[in-house]
Amino acid sequence: MRAVCWHGKHDVRVDTVPDPQLRNARDAIIKVTLTGVCGSDLHLYNGLIPGMKQGDILGHEFVGEVAEVGAGVTRLAAGDRVVVPFPISCGECWYCKHDLWALCDNSNPNSRLLEKAYGDTGAGIFGYSRLYGGYSGGQAEYVRVPYADVGPAKIPSGLSDEQVIFLTDIFPTGYQAAENCAIRAGDTVAVWGCGPVGLMAMKSATKLGAGKVIGIDSVPERLDMAHIECGAQIVNYQEQDVSEALHNLTGGRGPDACIDAVGMEASGTGIAGVYDAVKQTLRLESDRAGALRQLIMACRKGGTVSIAGVYGGLVDKMPMGAVFAKGLTLRAGQTHVQKYLSPLMELVEKKEIDTTFLITHRMALQDAPAGYRLFREKHDGCIKIVMDPRAPSRRAH
Amino acid sequence: MESIRSGAGVPGRNRRQKRINVGRSERKASVIGGTTLALTGLKSFTSKRFLPGLAMVVAGGLLIYRGKTGHCDLYQAIGADTFHSGHSGLRIEKVLTINRPPQQVYEFWRNLENLPRFMQHLNSVQVTGEKTSHWQARGPGGLSIEWDAEMMDDYPGQQISWHSTGAAELPNKGTVEFTAAPGDRGTEVKVCVDYYPPGGAAGKAAAKIAHAINAQQLEEDLKRLKQILETGEIATAEAGR
């Protein structure tokens, strides 16, 4: 089959690789019909996540059709259309039983690596390095899905792949980020990063009762989308002083909650930005946290800082004094997708939230290398790419 | 210091954070060696060899600390303990919580022939009598080792302990405790194994095995046990472990 394989920094290729096989009784093989490129795939593309090896298959956003199930699978049968959550969760450990699916004890065969890095392990993730288990991803014609009775949700007839694909990651991720803000009616929620997760967080915040959402970014088409699709007030951090703009937009109080939908590759500004860029290049600091520092400084007293963007390691110059002095609440973590899948699928089915507006580029899987480049450089208004594993290439090779 | 017991410690004792894990004679040697090293290091300052001198002072200081306190971070990191395991023994202790009731975890373990399913270094365990069994393990380089074992304690749902019998190539004993975890979290499984690598050429080979069956290995074994009991299978990814 064809699959998008990682070969190094800024080097992904479409390789012909062996089809995946059932390995355990609870596995299923899914024939992928649509797959997305996620912002967090860019961290791999940019070489910032360790534990990648040449030939690793990427991709953790995919929907498809069940092709084959193991002897222990009872809830799915060949032919079922399913959406597959990006965390791999066993459904049996204490964490899964408590709706903390992304913290699954059992699904990461390389748990010792994360234990060394973080003190304990998280769930395995499709196509996301040896650290997260070394599972092959879904930017491929077929993918093996462990614990198939637990994660995959059947797609109601009448919904297209494009309508449900973002339930795999970015919609629940934005929703969890908003839910972590404990929004009360009329609250103002500011969202750093108007990429797909940020936009989903804005939609979710409004759904959860926010009176005002504010989107912060520098890419014009992203700010436009935040304004037009999510009804957000927008702040361009390259044109305005963010703290001052937020101060003025909130009657001097600051936002009640701030969401970080940027993560460890923030494009810093000023001296701190240069500092981060230099230290990260020299590997003296693993994460550039320009956005997070701003969030903490801007948030109102007693407010919540909700972190959806991915961080991998160490951050310098954290304004802990501000966290303490203002009595902030910090919430963070990978998304417990399985917890949100069913309620959010219902919102999509009832047409209360439509996520297809995010898709700016539809491509053949074959054209993935060009897609990754486009997405990284944010050219051509690129916000979200989805790929069809079986469509013919539209590019001359 | 007078209360040092010569035999193996009782599992669960001495849980202070900086617990003693260096044996008595080893501690004495640490203090003497450490002092010598530190003095040599200080001397090299006079001949302006600052960096090696500093390294010797630091290493010497660490050895003295290890000797005076009886605590060694390196031993702790690798799960070794020469204080509680008696003469030339090596202790490995690991604990893990499994989201299943103690009786179920106990029963799975009590069926000793299940052990090779999650203990990677075991080829087979054969039950040979009511209390006796025959074990076959492999070490690095395809080295094979066998021994007979006898069960000493068997408290259903709580504890099993065993020791090797006869002329075992690698004498060993161990205890596994099953305790109900608080708040409906299942069972805390605590394993404590003592190995006694003998001297001589055979001892070297045995020590290699003892090394392979180190703390990390036991921890990975317990994770596999947890996976089998909780999910019915061992987590497997394309990239392998």
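Salt bridge status for B:Arg100 with A:Glu92: present, with a side-chain N to carboxylate O gap under 4.0 Å. Between B:Asp221 and B:Arg224 a salt bridge is recorded (basic side-chain N to carboxylate O distance below 4.0 Å).
Distance check: B:Ser133 OG to B:Trp147 CH2 gives 9.5 Å after rounding to the nearest 0.5 Å.
If you measure heavy-atom distances from A:Ser136 to chain B, the contacts under 4.5 Å come from both the backbone and the side chain. A:Asp27 touches chain B through its side chain: at least one heavy atom from C-beta onward sits under 4.5 Å away, while N, CA, C and O do not. For B:Glu230, the parts lying near chain A are the backbone and the side chain together; criterion is any non-hydrogen pair under 4.5 Å. Of the two parts of A:Lys97, only the side chain, counted from C-beta on, holds a non-hydrogen atom closer than 4.5 Å to a non-hydrogen atom of chain B.
The heavy-atom pair separating B:Tyr195 from B:Val193 by the smallest distance is CE1-CG1, 3.2 Å.
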